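Data first, discussion second: the structure below is written as structure tokens.
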Amino acid sequence: MSVRVRFAPSPTGSPHVGNIRTALFNHLFAKHHGGVHILRIEDTDRTRLVPGCEEEIIESLHYVGVEWQEGLGKGGPHGPYRQSERKEAGIYQPIIDQLVESGAGYYAFDTSEELTEMREFQRINKKPTGYFGGSWRDADAASVEKARADGLPGVLRLRIPKNETIVIQDGIRGRVEIDSNTIDDPVLIKNDGMPTYHFAAMVDDHLMEITHVFRGEEWISSAPKHVTLFNALGWAAPEFVHVPAIKGKDGKKLSKRHGDTACLDFRRAGYLQESISNFIALIGWAPGGDREIMTMDEMAEAFSMRGIQPSAGVFDVDKLNWMNGSYIRAMEPKALFQMVRDYSGCDENQDYWAEKDAPTAEAMKAFTAAAASDPVLAEKAIELEQERVGTLPEFGAACALFFEDEPEYDEKMLNKWKGKEHIPGMLGDFIASVEAMETVNEESLEQMIRDWAAANDYEKIGPIVHPTRLAMTGRKVGPGLWQLMAALGKETIIKRLTRGQEMLT
RNA sequence: GCUCCGGUGGAGUAGCGGUUCAACUCGUCACUCUUUCACAGUGAAGAUCGCGGGUUCAAAUCCCGUCCGGAGUACCA
């Protein structure tokens, strides 16, 4: 049988990395087996619905490179793919009838007050909380009829068998056994007629012929309910694959407190698609072997359930930064330039940084302007900074030295070199040499500086290079001096060196 | 409280009865390269595999207990 998997988010907010990682696993698994990946929307809870959320889901999926062949936006033979629409289409009704008829499901008419009271009682008596029968599981037909006739708002519950061992087959953990007496009777259909997850997700998985269900570890506790449902309906259950949670560095479940968690925030923060998907896939999954930097195709090739770790993984931003940097370094300078330009010029990204770190936002704007007025220099700047940058927004500040009219001098460096005797003359000599040069390039510049060093008996080149860099950029670190000067060009060299003479005297 | 799932150097993972089983990546530190930072390269420190019992000729690997962590315990998903 060919593999069919699904990603089925609820439109209750922008998807976070945990959701997206599940989507990624689905995609990788489907691709590995040449199967089909379906996108379905589980919007049965109308009270929690967030408008515009579906777009964010799709955008997030695109960002990390997850593809699907059937479902939302694609159509397919098992539509509609929104559960609210499926309910409207009457898809669930025959199954509800079947459940009631067979006695596998039963109606319960407890009020919410009665239910909280029941739980309160259970709690006080140190009993497991839940609906283990209540007053309706074994109610006689007459009273159920009466309640229905009276128009009482009732729910449909699933009858979990007593004194049985429920076995669930988990793709990662293997066989898990649960005493059925510890499982309460879940609500299948709410009193507003909408199905719950327990009902709709299982029914849809069956109808859509899903073979493997990748879902968060938090579902493992309710898996027995799900296999009971499948059994009651006489259906074969798909294989459940409960993927481990993602924790923050403090070991707590990843949440807003840990910084960015929404998938799209990482795009705004300047992480490349390749590194985000590579990194996220590696939380809780190991491809085997020593490889870590992998393309989507390579990951799909290597993907298997066996490589998924049963324990929760930690989202380590340091490692993400490293990985992102290594993807940046692997890029063609031209493509990188285009990417940085698009990134820096995007309002959404600028707004993101304006709120988080204003100087970064400013630097992005400055770079955008500079790239527009002098794209050749800007591209050169990107190329020279490529080696030392971890994320896209960092290019703004890193490249600023190429465009500033009068760079601000690093105070420490200024104190260190200001007043040193050789500097004004040296800078003067450089100015004269550059003015006399026909072609100003890396070689001629390096030659000039080395010649000067030799002529003035300097063995080490540091006392020459450092103050010159300071004059050229105002900074103590940066790209190689001659590459830098060559990129800046004759006119700027002379201007900055002249200013350097004043500043350093 | 009850149920379930986990626990390998600071972080992510490999190994899942015995042949480097204690390895790989990030991080840290040192050195090399070099005009600086970074990159790259080399090397170092760091885990007796949560703890205690068993099973076995042999356990990180199997079993039991215990501790710690996480998840669930909704007419939310």
Side-chain angles (χ1 to χ4, degrees), chain A residues 8-12 42-45 47-48 108 110-112 115-116 119 122-131 153-157 168 170 172-173 176-179 181-184 186-198 200-201 215-224 242 244-245 247 249 251-253 279 282-293 307 309-323 325-326 329 385-390 398 413 446 449-450 453 460-466 468-470 475-482:
Chain A
S10 282
T12 54
E42 314 222 317
D43 57 348
T44 53
D45 186 355
T47 62
R48 298 205 313 156
D110 311 82
T111 64
S112 61
L115 289 175
T116 45
R119 284 191 204 98
Q122 290 166 331
R123 206 153 225 308
I124 290 167
N125 292 286
K126 298 183 194 264
K127 291 269 209 283
T129 54
Y131 201 88
V155 300
L156 181 69
R157 283 182 187 270
I168 67 170
D170 181 89
I172 298 168
R173 281 154 271 254
V176 178
E177 298 184 356
I178 294 103
D179 176 359
N181 293 157
T182 66
I183 307 296
D184 72 332
V187 170
L188 262 19
I189 306 296
K190 303 181 236 183
N191 68 200
D192 65 358
M194 286 301 273
T196 61
Y197 172 90
H198 299 305
R215 50 165 25 172
E217 175 177 59
E218 68 271 19
W219 288 109
I220 200 162
S221 309
S222 34
H242 294 102
K247 300 182 292 184
K249 276 235 164 181
K252 295 273 173 10
K253 193 172 178 177
F279 177 74
L282 255 26
I283 304 176
W285 173 64
D290 292 342
R291 293 181 303 168
E292 287 206 316
I293 302 279
Q309 179 82 354
S311 56
V314 170
F315 190 94
D316 183 353
V317 187
D318 289 337
K319 191 153 183 175
L320 207 211
N321 286 142
W322 162 77
M323 190 172 273
S326 99
R329 262 167 258 126
E385 292 293 350
Q386 184 170 186
E387 289 297 303
R388 75 204 82 240
V389 156
M413 277 285 127
E446 178 172 5
I449 287 169
R450 293 207 186 276
K460 297 263 180 189
I461 210 174
I464 298 164
V465 167
H466 294 154
T468 307
R469 170 179 288 106
L470 185 61
R475 281 146 240 235
K476 63 176 180 223
V477 299
L481 220 211
W482 17 103

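Owing to the predicted nature of the structure, the values given are computational and were not obtained by experimental measurement.
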Restricting to nitrogen or oxygen on both sides, can you table the protein-nucleotides 40-48 of chain B pairs closer than 3.5 Å?
none

Residue list, side-chain hydrogen bond (donor to acceptor under 3.5 Å, both in side chains) with [X], at least two apart or on another chain:
| X | value |
| --- | --- |
| A:Gln386 | none |
| A:Lys190 | none |
| A:Arg475 | A:Glu404 |
| A:Arg329 | none |

[N] and [M]: how far apart are their [atom1] atoms, nearest whole angstrom?
| N | M | atom1 | value |
| --- | --- | --- | --- |
| B:A22 | B:G15 | C1' | 9 Å |
| B:A71 | B:U55 | P | 37 Å |
| B:C24 | B:G43 | P | 10 Å |

Check your understanding: With Watson-Crick and G-U wobble geometry limited to distances under 3.5 Å, how should the secondary structure of RNA chain B be encoded in dot-bracket form, using | for bases paired to another strand and [ ] for crossing pairs?
Key -> ((((((((.[[[[.)..(....]]]].(((((.......))))).....[[[[[..)....]]]]])))))))....
Check your understanding: Got a donor-acceptor pair under 3.5 Å from the side chain of A:Asp318 to the base of B:C26?
Key ->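 No.
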Compare the minimum distances between each of [options] and the side chain of [X], then state the nucleotide with the smallest one.
| X | options | value |
| --- | --- | --- |
| A:Asp45 | B:U35, B:A77, B:U25 | B:A77 |
| A:Leu115 | B:A77, B:U35, B:C75 | B:C75 |
| A:Val187 | B:G1, B:C75, B:U25 | B:C75 |

Exercise for review: Could you check how far NZ of A:Lys460 sits from P of B:U35, rounded to whole Å?
Suggested key: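 Between P of B:U35 and NZ of A:Lys460: 9 Å.
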By side chain to side chain contact (heavy atoms under 4.5 Å, CB included) - contacts of [X] (at least two apart):
| X | value |
| --- | --- |
| A:Thr116 | A:Arg119 |
| A:Ala8 | A:Arg6, A:Arg40, A:Glu42 |
| A:Pro310 | A:Ile172, A:Arg173 |

Quick test: give all pairs of protein nitrogen or oxygen and nucleotides 4-9 of chain B nitrogen or oxygen below 3.5 Å, distance rounded to 0.1 Å.
residue	atom	partner	partner atom	Å
B:C5	O2'	A:Arg173	NH1	3.0

Check your understanding: For A:Ala286, which contact category applies under a 4.0 Å heavy-atom criterion: base, sugar-phosphate, or nothing?
Key -> sugar-phosphate
Check your understanding: For A:Trp219, what residues pass the ring pair (Phe, Tyr, Trp, His ring centres under 6.0 Å) criterion, not counting sequence neighbours?
Key -> A:Tyr197
**Study point:** Residue list, ring pair (Phe, Tyr, Trp, His ring centres under 6.0 Å) with A:His198, at least two apart or on another chain
**Key:** A:His226
